[in-house]
Amino acid sequence: MAENAAEARTQAGMPAHEQVYRNLREAVLFGTLAPGEPVTIQGLVERLGAGMTPVREAIRRLTAEGALQALGNRRIEVPVLGAATLEELTEARLALEPRLAVRAAGRAGPEEVARLVEIDARLDRAILRGDIEGYLRENHAFHSVLNDTAQAPVMKALTESLWLRFGPSLRVVCGQMGTRHLPDCHKDLVRALEARDGAAAARAIEQDVAQGMEMILQSL
């Protein structure tokens, strides 16, 4: 029984089904699964090196979150965004993320600011290398730490669900344009946090969101 329990958990102590969900979620979020590319459930089982049951559960959860859609014949895909959906996602981001930035500006201390500076430095290096995967991961990490700092779990969860929907399309933009032409208002945001200036933090995030989503729109 002890061996079975050990097999059901990852090295990090996470239940196997949760690890499969997170691995599949990352594949969606960072565009490893391209929008509109059909994949079979069996293909995901082989790709993730997991059992059929946890993969099905992960698909069910991500479908409920709008990150995947069923096609029939045991196939799924990451939805392809249309202009109307992208416009709605942009409005939702602009409603939530500036508010999170305002809250973060009132709560960020030296430790949080230092973490953001460190992440932004790694992001800059990824841009210089043309490392799309690195850029996407560090960009998401920056926003995630910022949103954690806001101490608003409901708004953060809503924001994360939005990122699942547009993240795959951001990968497409990076593939088309490379990393050096992507918007980056992070340094303005860090300065706003250091000054505890909520209005400036909101402006930086508004610009970051608007520019990024516009580039996705242009790629449709």
Side-chain angles (χ1 to χ4, degrees), residues 1-93 96 131-141 143-144 147 153-154 156-177 212-213 215-220:
M1 184 175 294
E3 290 182 1
N4 290 340
E7 290 176 2
R9 295 183 176 275
T10 66
Q11 293 180 351
M14 184 183 298
H17 69 86
E18 182 64 21
Q19 186 63 59
V20 171
Y21 165 76
R22 294 193 182 194
N23 288 344
L24 184 55
R25 187 180 185 279
E26 284 196 1
V28 173
L29 180 61
F30 300 123
T32 305
L33 294 178
E37 176 189 355
V39 292
T40 64
I41 296 175
Q42 183 59 42
L44 287 178
V45 167
E46 296 171 0
R47 183 174 192 158
L48 297 169
M52 181 69 74
T53 298
V55 169
R56 284 183 179 278
E57 174 63 14
I59 291 170
R60 183 194 65 77
R61 291 172 64 180
L62 288 165
T63 300
E65 293 177 80
L68 294 172
Q69 64 183 14
L71 299 175
N73 295 324
R74 300 165 65 89
R75 296 182 304 153
I76 59 168
E77 70 174 7
V78 175
V80 177
L81 293 182
T85 300
L86 189 62
E87 180 181 357
E88 187 177 354
L89 287 169
T90 302
E91 288 185 17
R93 291 190 69 195
L96 287 168
D131 179 359
I132 293 174
E133 180 81 13
Y135 169 85
L136 293 169
R137 289 184 177 276
E138 299 300 349
N139 184 57
H140 180 265
H143 285 265
S144 184
N147 294 339
V154 173
K156 184 188 176 188
L158 291 169
T159 299
E160 285 286 346
S161 72
L162 299 176
W163 276 67
L164 270 176
R165 292 172 180 261
F166 77 82
S169 296
L170 185 58
R171 177 64 176 256
V172 173
V173 170
C174 290
Q176 292 176 348
M177 303 182 62
M213 299 300 272
M215 293 182 75
I216 295 175
L217 179 62
Q218 292 176 4
S219 75
L220 296 181

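We use all heavy atoms of the structure for the numbers below, so side chains are in, but hydrogens, waters and symmetry mates are not.
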Nearest non-hydrogen partners of [X] and [Y], listed with the distance:
{"X": "Leu62", "Y": "Arg25", "value": "CD1-N, 3.9 Å"}
{"X": "Leu158", "Y": "Ser161", "value": "O-OG, 2.6 Å"}
{"X": "Val20", "Y": "Ala50", "value": "CG2-CB, 3.5 Å"}
{"X": "Met52", "Y": "Ile41", "value": "SD-CG2, 3.4 Å"}
{"X": "Thr85", "Y": "Leu81", "value": "CG2-CD2, 3.8 Å"}
{"X": "Val173", "Y": "Met215", "value": "CG2-O, 3.8 Å"}

When rounded to the nearest 0.5 angstrom, what distance separates [atom1] in [X] from [atom2] in [Y]?
{"X": "Glu37", "Y": "Thr32", "atom1": "CD", "atom2": "OG1", "result": "10.0 Å"}
{"X": "Asn23", "Y": "Arg47", "atom1": "CG", "atom2": "CZ", "result": "11.5 Å"}
{"X": "Arg56", "Y": "Leu44", "atom1": "CZ", "atom2": "CG", "result": "11.0 Å"}
{"X": "Arg171", "Y": "Ile132", "atom1": "CZ", "atom2": "CD1", "result": "6.0 Å"}
{"X": "Arg137", "Y": "Glu133", "atom1": "CZ", "atom2": "CD", "result": "4.5 Å"}
{"X": "Ser144", "Y": "Lys156", "atom1": "OG", "atom2": "NZ", "result": "3.5 Å"}

For this session: Could you list the residues that satisfy ring-ring contact (aromatic ring centres under 6.0 Å, His included) with Phe166, not counting sequence neighbours?
Result: Trp163

Exercise. Would Arg93 and Leu162 satisfy side-chain contact (heavy atoms from CB on, under 4.5 Å), going step by step from the backbone distance to the final call?
Worked result: CA-CA 7 Å; Arg93 291 190 69 195; Leu162 299 176; 4.0 Å; yes

Problem set entry | Partners meeting side chain to side chain contact (heavy atoms under 4.5 Å, CB included) with Ala83 (sequence neighbours left out) | Leu217, Leu220

Exercise. Can you list the residues that meet the side chain to side chain contact (heavy atoms under 4.5 Å, CB included) rule with Val172, with sequence neighbours excluded?
Worked result: Pro35, Gln176

For this session: Determine, step by step, whether Met14 and Arg22 satisfy the side-chain contact (heavy atoms from CB on, under 4.5 Å) criterion, reporting the C-alpha distance in whole Å, the side-chain angles of both residues, the deciding distance to 0.1 Å, and the verdict.
Result: CA-CA 10 Å; Met14 184 183 298; Arg22 294 193 182 194; 3.4 Å; yes

Seminar exercise, completed: Sorted by chain and number, sequence neighbours left out, salt bridge (charged side-chain N to carboxylate O under 4.0 Å, His left out) with Glu57 holds for Arg60

Problem set entry | Under 3.5 Å donor-acceptor, Asn139 side chain and Tyr135 backbone | no

Exercise. Can you check whether Ile216's main-chain N or O pairs, donor with acceptor, with Ser219's side chain at less than 3.5 Å?
Worked result: yes

Exercise. Would one find more than 12 heavy atoms of other residues, nucleotides or ligands at under 6.0 Å from atom CD of Glu88?
Worked result: no

Seminar exercise, completed: Residue pairs meeting ring-ring contact (aromatic ring centres under 6.0 Å, His included), one or both in residues 45-91, sequence neighbours left out, come to none

For this session: Any ring-ring contact (aromatic ring centres under 6.0 Å, His included) involving residues 20-46? Give me the pairs, sequence neighbours left out, ordered by first then second residue.
Result: Phe30-His140

Exercise. Taking C-beta and beyond as the side chain, do Leu24 and Leu68 meet within less than 4.5 Å on heavy atoms?
Worked result: yes

Exercise. Mind checking whether Pro168 and Val28 have side chains closer than 4.5 Å, heavy atoms only?
Worked result: yes

Problem set entry | CA sep, side-chain torsions, deciding dist, call: Met213, Leu86, side-chain contact (heavy atoms from CB on, under 4.5 Å) | CA-CA 8 Å; Met213 299 300 272; Leu86 189 62; 3.5 Å; yes

Exercise. Taking it one step at a time, do Leu71 and Ile76 satisfy side-chain contact (heavy atoms from CB on, under 4.5 Å)?
Worked result: CA-CA 5 Å; Leu71 299 175; Ile76 59 168; 5.7 Å; no

